[in-house]
Amino acid sequence: MSIKAEEISALIKKQIENYQSEIEVNDVGTVIQVGDGIARAHGLDNVMAGELVEFSNGVMGMAQNLEDNNVGIVILGPYKEIREGDEVRRTGRIMEVPVGEALIGRVVNSLGQPVDGLGPIETSKTRPIESPAPGVMARKSVHEPLQTGIKAIDALIPVGRGQRELVIGDRQTGKTSVAIDTILNQKDQDMICIYVAIGQKESTVRGVVETLRKHGALDYSIVVTASASQPAPLQYLAPLAGITMAEEFMYDGKHVLIVYDDLSKQAAAYRELSLLLKRPPGREAYPGDVFYLHSRLLERAAKINESLGSGSITALPFVETQAGDISAYIPTNVISITDGQIFLQSDLFFSGVRPAINAGLSVSRVGGSAQIKAMKKVSGTLRLDLAAYRELEAFAQFGSDLDKATQAKLNRGARTVEVLKQGLNKPLKVEKQVAILYALTRGFLDDIPVTDITRFEDEYLNWLEHNRKELLDHIVSTKDLPGDEDFAKAINDFKKTFVVSE
């Protein structure tokens, strides 16, 4: 059998023509140091800031410090198995989380992975956790009210859709209760709620989830949790993951309420991270960019204009104070970024005024534009009544002979404080708030004993619901008060049936 040279050359030419060289280039580095949730790697020369990297055991990390001869990586998961000399490879992806409708009703961690035991989340959409806030021209002024269902807030410190309203106070003053009541009140309001728990106890988060489930609020809510036992990077990322999920809905023309509980713990986690990465400490050992951390987070909450779909994100960031000191570093930072603050005072809380809102130190920088007409009309004098009462309260303890006008102010103030009290997980619809505040500010409660005010309110609202529902419906449909004669007659008719306790 003879081998022909032409056949061989034809075969070789064919092989050369069909040859495909597939070279796969991987950026791979080597871990040179690991500890305290931080790894340093050599050889990742082209890595991007904030890029996800993968260690050889499958744990993910995020590139943070890009230095001359190594990269500081925060490890997003257990770091005990990572050793010096291990491989670490680039993914080419910036840190991102899953987004979309599939997350509603679920409890997820800072990476968007489910932690509620209900199986995987069916969504293929993701968004990078860092994205620019809407610009000046993309925004619209806040003009639609966000009803919290809490009389003291809706009347005195109104919150609008697209606003950032800080909730500030010592621990155990009812901050979380304010947020949960607000979420419960969004039922049937076309609002998606996101509750971000940062550095909370797992049992506390479980309690919040159960409360939401019991009241049917989990049907329109997402819970993002980075509990106290999670590494600092996950606590730092939790609010960023929450706002990223919210942005997906906002740019889809929907309205979102996001609660950060609380940003003091995020700042502490970021401080821990920065110090471990050997970044220079600033005031109170926080890194220099802790202000930028919070401003770029909170600026992403906005009311956007019609051309972008008219969606909104309303943010309720929490900050915990120490002994009521609102002039500390993190509180003053966040106060300067937000559109007002609700200050919860421990003295009021322990004296039985709940929610323990200090009307003097609380403010909404959006003001009346976040209230319906009816509420504006009935709440106008409330703040003055309360301020006058608090001022006179101190003097009244010393003098018994008070003139008529002072006595009247004290009586009205005591009734105002009583009306603004509210039970836990009992948000009130805005028309019912208007009804009781109308009775208060127009003097119909001046002859009701202070001890009977709460019972009067419950029975009066119940009576209106069954006998004069058209008055409540009028407020809902027109957003304005019904005629004064009609309202006054209804209140007087009810007062004839109300029995004052002895």
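Remember, it's a predicted structure, so these values are computed and weren't measured experimentally. In what follows, every heavy atom counts, from backbone to side chain, and hydrogens, waters and symmetry copies are set aside.
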Pair His143, Ser369: side-chain N/O donor-acceptor within cut-off below 3.5 Å: no
Can Asn57 and Glu81 be said to form a side chain to side chain donor-acceptor pair (under 3.5 Å), step by step? CA-CA 7 Å; Asn57 64 345; Glu81 302 299 312; 5.9 Å; no
For Val450 against Ala414, the heavy-atom pair lying closest together: CG2-CB, 4.1 Å
Between Val53 and Arg90 the two heavy atoms that sit nearest each other are CG1-CA, 4.4 Å
Could you walk me through whether Ile198 and Thr225 pass side-chain contact (heavy atoms from CB on, under 4.5 Å), step by step? CA-CA 6 Å; Ile198 311 149; Thr225 173; over 6 Å; no
Side chains of Val34 and Arg83: does their closest heavy-atom pair fall under 4.5 Å? no
Kindly write out the residues that satisfy ring-ring contact (aromatic ring centres under 6.0 Å, His included) with Tyr270, not counting sequence neighbours, or none if the list is empty. Tyr236
I'd like to check Phe55 versus Ile73 (side-chain heavy atoms, cut-off strictly below 4.5 Å). Are they in contact? yes
Taking the side chain as every heavy atom from C-beta outward, state whether Leu156 and Ile357 have any pair of such atoms under 4.5 Å apart. no
For the OH atom on Tyr292, are there more than 12 heavy atoms of other groups (residues, nucleotides or ligands in this structure) within a distance under 6.0 Å? no
Within the 4.5 Å heavy-atom criterion, are Ile94 and Met48 side-chain neighbours or not? yes
Below 4.0 angstrom, N of the basic side chain to O of the carboxylate: do Glu210 and Lys214 qualify? no
State whether Glu130 and Arg296 are salt-bridged, where the test is any N-O pair (Lys NZ or Arg NE/NH1/NH2 against Asp/Glu carboxylate O) under 4.0 Å. yes
Any side-chain donor paired with an acceptor under 3.5 Å for Glu247 and Ser131? yes
With distance as the sole test, does Asp262 use its side chain to make a donor-acceptor pair with the main-chain N or O of Lys265 at under 3.5 Å? yes
Glu418 with Arg415: basic N within carboxylate O range, under 4.0 Å: no
Taking all non-hydrogen atoms of both residues into account, name the closest pair between Gln433 and Asp154 and its distance. NE2-OD2, 3.0 Å
Return yes when atom CZ of Arg171 has more than 12 non-hydrogen atoms of other residues, nucleotides or ligands closer than 6.0 Å, and no otherwise. no
Return yes if some donor-acceptor pair links the side-chain N/O of Ser221 with the main-chain N/O of Ile194 below 3.5 Å, else return no. no
May I ask you to say whether Glu284 pairs ionically with Arg271, meaning some side-chain N is under 4.0 Å from a carboxylate O? no
In the structure I gave you, are the side-chain heavy atoms of Gln186 and His255 within less than 4.5 Å of one another anywhere? no
Check ion pair Glu457-Lys151 (N to O, under 4.0 angstrom): yes
Quick one, Ile372 and Pro145 - any side-chain contact, counting heavy atoms below 4.5 Å? yes
Check: Val108 and Met245 side chains under 4.5 Å, non-hydrogen atoms: yes
Do Arg40 and Glu84 sit within salt-bridge range, that is, some charged N less than 4.0 Å from a carboxylate O? no
Check whether the side chains of Arg300 and Thr244 place a donor and an acceptor atom closer than 3.5 Å, and report yes or no. yes
Between Thr148 and Ile153, is there a donor-acceptor pair closer than 3.5 Å when you use the side chain of the first and the backbone of the second? no
Is it true that Glu96 and Arg127 make a salt bridge, defined as a side-chain N closer than 4.0 Å to a carboxylate O? no
Looking at Thr30, is its backbone amide N or carbonyl O close enough to the side chain of Asp86 to form a donor-acceptor pair, meaning the two atoms are under 3.5 Å apart? no
Main-chain N/O of Asp339 paired to Gln163 side chain as donor or acceptor, under 3.5 Å: yes
Under 3.5 Å donor-acceptor, Asn305 side chain and Leu308 backbone: yes
Electrostatic pair Arg139:Glu299 at N-O distance under 4.0 angstrom: yes
State whether Arg89 and Glu87 are salt-bridged, where the test is any N-O pair (Lys NZ or Arg NE/NH1/NH2 against Asp/Glu carboxylate O) under 4.0 Å. yes
No-hydrogen, no-angle side-chain donor-acceptor test under 3.5 Å, Gln64 and Arg279: yes
Compute whether any side-chain donor of one residue and acceptor of the other, for Asn109 and Gln230, lie under 3.5 angstrom apart. no
Would you say that Ser364 contacts Glu165 through its side chain, given a criterion of any heavy-atom pair below 4.5 Å between the two side chains? yes
Would you tell me whether Gln266 and His294 have side-chain atoms, one donor and one acceptor, within less than 3.5 Å of each other? yes
